[in-house]
2 protein chains.
Amino acid sequence: MNLKQLSELLGLSQTTVSRALNGYTDVSEATRARVRAAAEAHDYRPNTRARALATGRSRVIGHVIPKISSHAMVNPIFADFIAGAGETYSSAGYEMLISVVDLAQEEKAYLSMKRRGLVDGLIVSAPRMNDPRIALLDGIGLPYAVHGRATGTDRQYSWLDVNNRRAFTRATDFLMDLGHRRIGLVNGLETMDFAHRRRQGYEEALRARGIAIDPNLMRQDEMTEGYGWRAARDMLAQPDPPTAFLVSSVICMLGVRRAIEEAGLVLGRDVSAVTHDDQLSYLRDDGAVPAFTATRSSVREAGQRLARMVIDRIDNPEGPHVQELLEAELIIGRSTGPAPR
Amino acid sequence: MNLKQLSELLGLSQTTVSRALNGYTDVSEATRARVRAAAEAHDYRPNTRARALATGRSRVIGHVIPKISSHAMVNPIFADFIAGAGETYSSAGYEMLISVVDLAQEEKAYLSMKRRGLVDGLIVSAPRMNDPRIALLDGIGLPYAVHGRATGTDRQYSWLDVNNRRAFTRATDFLMDLGHRRIGLVNGLETMDFAHRRRQGYEEALRARGIAIDPNLMRQDEMTEGYGWRAARDMLAQPDPPTAFLVSSVICMLGVRRAIEEAGLVLGRDVSAVTHDDQLSYLRDDGAVPAFTATRSSVREAGQRLARMVIDRIDNPEGPHVQELLEAELIIGRSTGPAPR
DNA sequence: GGTCCTGTCCAAAGCGCTTTTGTAACAGCC
DNA sequence: GGCTGTTACAAAAGCGCTTTGGACAGGACC
């Protein structure tokens, strides 16, 4: 059933049927009701492609996953973020298009998306320091919003980020309030903007209390369970081991906990640990008192809000850029306690 | 730059330019080269929407994420699967569209995708027992391929699945060869087809050697770290505890390992464990000898192949259905050893 | 010379919508 | 009665492609 057939069936012109369904006021309410009923009865849906061609807007928003050589960079965050964004899109009448693109082809891919009229806007993920994509997209003229910030760029752009610096400052303060003085940092890769900011927050808090920053207590790597384990194990084996850890993700934290337990120590008593928790649905902590003390910020919610942000930019491309800084909650769980004396 | 402008620039008709670029033979090679060069020079890309409207094919394949009330069901598998499928799509000139849909609206969503001409085909994920979606999609007439199988349906359809039954039979046999007789099963939710099949494989292997099946050694739940921990802890606390575990995912396995270590036992010596490993990129095991003995099958590869499968169905909708059963490898790691006597 | 290919190219229709630009019909007003 | 406004509909253009159905020139063949 297409518009032509529906209009013939109703004895009306395509114009009238189209305008009736799209809420124009130059259609009488009686006619509109009749059209609506017929559309409903025959389950008529306007063809997306034709509508897109006629309006010049595809109502599709693109997400790009960069691929390095043969491996796509899949982030544990990805699934929940997508789910959040997808919820906003579907309630706003947008579709989400995901494209796996060679990292080296990323520039071309954005341009091609614009040229082909594939998407109305983009979400930019995992910004790196001095990320070149921002200038690029401004040049192309495709609305976008960034998940995170790109330190080093002085352009204006729309972004949403967690206040990673503040979160880690607070976590560090919290541990110091409990009497901890030697705090190990099990960070993500510091080429990633968020990890860089977390270290800043950590160092800032230590400096504020006049505690020396010890490079032996700082690690960075991709956030796997194994990395968490190795990092914590090594630091605990040092002459003057940390009494607490600051960890960048729950997956890492699982490894940190293992290292602590293997060392014959008890988490939350002998050694404390705070992790950042993105509230990933498949890692959720279902206890009454959470297992881990955490700086918590839902990545799904970030997805929802960022999706809204691109849509707003599409609706008003010349509008002012919007920045949203989400504060992470500090949730007390069973993984922290007073420093042993 | 659109087709009209390009053709005017070349002094050719739109027809000729279009046919030159699309490889038709009624264009001389000299002209084709000239057209190609101009297209290249001006970075011309045919507008996707116009082409889709003209050809009646969108070159988009849909993936649906069902949403239960306010929570999308996000599977840890999801990200890697998508990445795999995305790789195939981008090299085959397809795009991937992901739609978050209320579980109750799923039927409508498929129909709407067809009616709106949004996608050329679909991937169906996480089939349940007697899954109604198969009959539904056959009725709608949208090509699709299923990730997994739906026990209980006698229709023919195209699917790709891991041989879960065989994988768990082999793993059980392997443990029994090492002398284990009491083997705990830490399974996923058995409403999921794959979990159902894994239990079958486990029970079959036990029966084949005349070992009684003990309901006290079988658990099922959503596969979190916490669930793995609780399941293993509880079973180990039983009067006649298992000497080995069969675990449904690496995340669960992390919990199982923790329970074993907390009980003062050593994994791979006092207690053995085999897990299924989907080779998720963010849980990869980077040691020389893997930490876990595992039935291993890459979900990313599954994504790649399944994407190819839908594309084939789109190209030849009346062709015979294809089924692909991937055998999981049994990889020996450090988590298994002879049963203690 | 006429016929029949063959190799190249093109005009125009069509995909299914939206939107612009009318155009009747009717009412209100002097 | 003539003018202006308003309301409710429709004809037709246009979005940017692909595809159908020629058209035309040149060579081969009889």
Side-chain angles (χ1 to χ4, degrees), chain A residues 1-36 38-39 42-60 93 95 112-120 314-315, chain B residues 1-36 38-39 42-60 93 95 112-120 314-315:
Chain A
M1 173 69 58
N2 61 22
L3 185 61
K4 191 176 174 198
Q5 293 165 345
L6 184 64
S7 61
E8 281 168 359
L9 194 128
L10 281 160
L12 288 168
S13 72
Q14 294 190 37
T15 311
T16 303
V17 176
S18 171
R19 295 181 78 82
L21 291 174
N22 289 320
Y24 284 72
T25 52
D26 62 353
V27 173
S28 74
E29 282 309 318
T31 307
R32 190 194 307 284
R34 209 161 63 86
V35 170
R36 281 225 180 101
H42 296 83
D43 203 25
Y44 165 76
R45 308 288 164 100
N47 182 298
T48 320
R49 308 186 287 244
R51 167 179 272 177
L53 183 58
T55 58
R57 296 152 114 274
S58 63
R59 295 197 79 86
V60 172
E95 302 293 336
S112 157
M113 284 188 168
K114 168 73 173 179
R115 285 261 205 281
R116 293 185 294 158
L118 198 56
V119 299
D120 290 342
I314 291 171
D315 290 343
Chain B
M1 172 69 58
N2 59 24
L3 186 62
K4 191 177 174 196
Q5 293 165 343
L6 185 63
S7 61
E8 280 167 0
L9 193 127
L10 281 160
L12 288 167
S13 72
Q14 293 190 38
T15 310
T16 304
V17 176
S18 170
R19 296 182 77 83
L21 292 173
N22 289 319
Y24 283 72
T25 52
D26 62 353
V27 173
S28 75
E29 282 309 318
T31 309
R32 190 194 308 284
R34 208 161 64 86
V35 170
R36 282 225 180 100
H42 295 83
D43 203 25
Y44 164 76
R45 306 288 162 103
N47 182 297
T48 319
R49 307 186 288 245
R51 166 179 271 178
L53 183 57
T55 58
R57 296 154 112 273
S58 62
R59 295 199 79 85
V60 171
E95 302 293 336
S112 157
M113 284 188 167
K114 168 72 174 181
R115 285 262 204 280
R116 293 187 292 157
L118 197 58
V119 300
D120 290 342
I314 292 171
D315 290 343

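Below, read A as the first sequence line, B as the second, and so on, with proteins coming before strands; counting in each chain starts at 1. The basis for the numbers below is simple: all heavy atoms, side chains too, and nothing from hydrogens, waters or symmetry mates.
No side-chain donor-acceptor contact under 3.5 Å links B:Ser7 to the backbone of B:Val17. Between the side chain of A:Gln5 and the main chain of A:Asn2, a donor-acceptor pair closer than 3.5 Å is present. For A:Thr55 (side chain) and A:Arg51 (main-chain N/O), a donor-acceptor pair under 3.5 Å exists by modelled atom type.
Residue B:Ser18 places no side-chain N or O under 4.0 Å from the OP1 or OP2 atom of D:dC17. At the phosphate of C:dT19, neither OP1 nor OP2 sits under 4.0 Å from any side-chain N or O atom of A:Thr55. Here B:Tyr24 reaches the OP1 or OP2 of D:dT19: one of its side-chain N or O atoms lies under 4.0 Å away. Proximity of A:Thr31 to the phosphate of D:dC9: a side-chain N or O atom is located under 4.0 Å from OP1 or OP2. Phosphate proximity of C:dA11 to B:Ser13: absent, as no side-chain N or O sits under 4.0 Å from OP1 or OP2.
A:Arg59 places its CZ atom 21 Å from the P atom of C:dG16, with the value rounded to the nearest Å. Separating the CD atom of A:Glu8 from the P atom of C:dC17 is a distance of 12 Å, rounded to the nearest angstrom. Rounding to whole angstrom units, CG of residue B:Asn22 and P of D:dT20 are separated by 13 Å. Between B:Gln14 atom CD and D:dT20 atom P there is a gap of 17 Å when expressed in whole angstrom units. Between A:Asp26 atom CG and C:dG22 atom P there is a gap of 16 Å when expressed in whole angstrom units. Protein atom CG of A:Leu21 is 12 Å distant from nucleotide atom C1' of C:dT18, rounded to whole Å. One atom, CG of A:Leu3, and another, P of C:dC15, lie 13 Å apart when rounded to the nearest Å. Rounded to an integer number of Å, the gap from NZ of A:Lys4 to P of C:dT18 is 16 Å.
You'll find that the side chain of B:Ser28 is closest to C:dT8, out of C:dC10, C:dT8, D:dC9. In the set D:dT20, C:dT18, D:dA10, D:dA10 carries the atom at the smallest distance from any side-chain atom of A:Leu12.
Within 4.0 Å of A:Asn47, counting heavy atoms only, lie sugar-phosphate atoms of the nucleic acid but no base atom. Nucleic acid contact class of B:Asn2 (heavy atoms, under 4.0 Å, all strands): sugar-phosphate only. Across all strands, A:Arg49 comes closer than 4.0 Å to no nucleic acid atom at all (heavy-atom distances).
Taking the nucleotide of DNA chain C with the nearest heavy atom to each of B:Val17 and B:Ala50, the more 5' of the two is matched to B:Val17. Remark on DNA chain D: of its neighbouring residues B:Thr15 and B:Leu53, the 5'-side contact belongs to B:Leu53, judged by nearest-heavy-atom nucleotide.
Applying the salt bridge (Lys or Arg N to Asp or Glu O under 4.0 Å) criterion to A:Asp26, with sequence neighbours excluded, gives A:Arg19.
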Do A:Leu118 and A:Val60 pass the side chain to side chain contact (heavy atoms under 4.5 Å, CB included) test, and can you show the C-alpha distance, the side-chain angles, and the key distance before you say yes or no? CA-CA 7 Å; A:Leu118 198 56; A:Val60 172; 5.9 Å; no

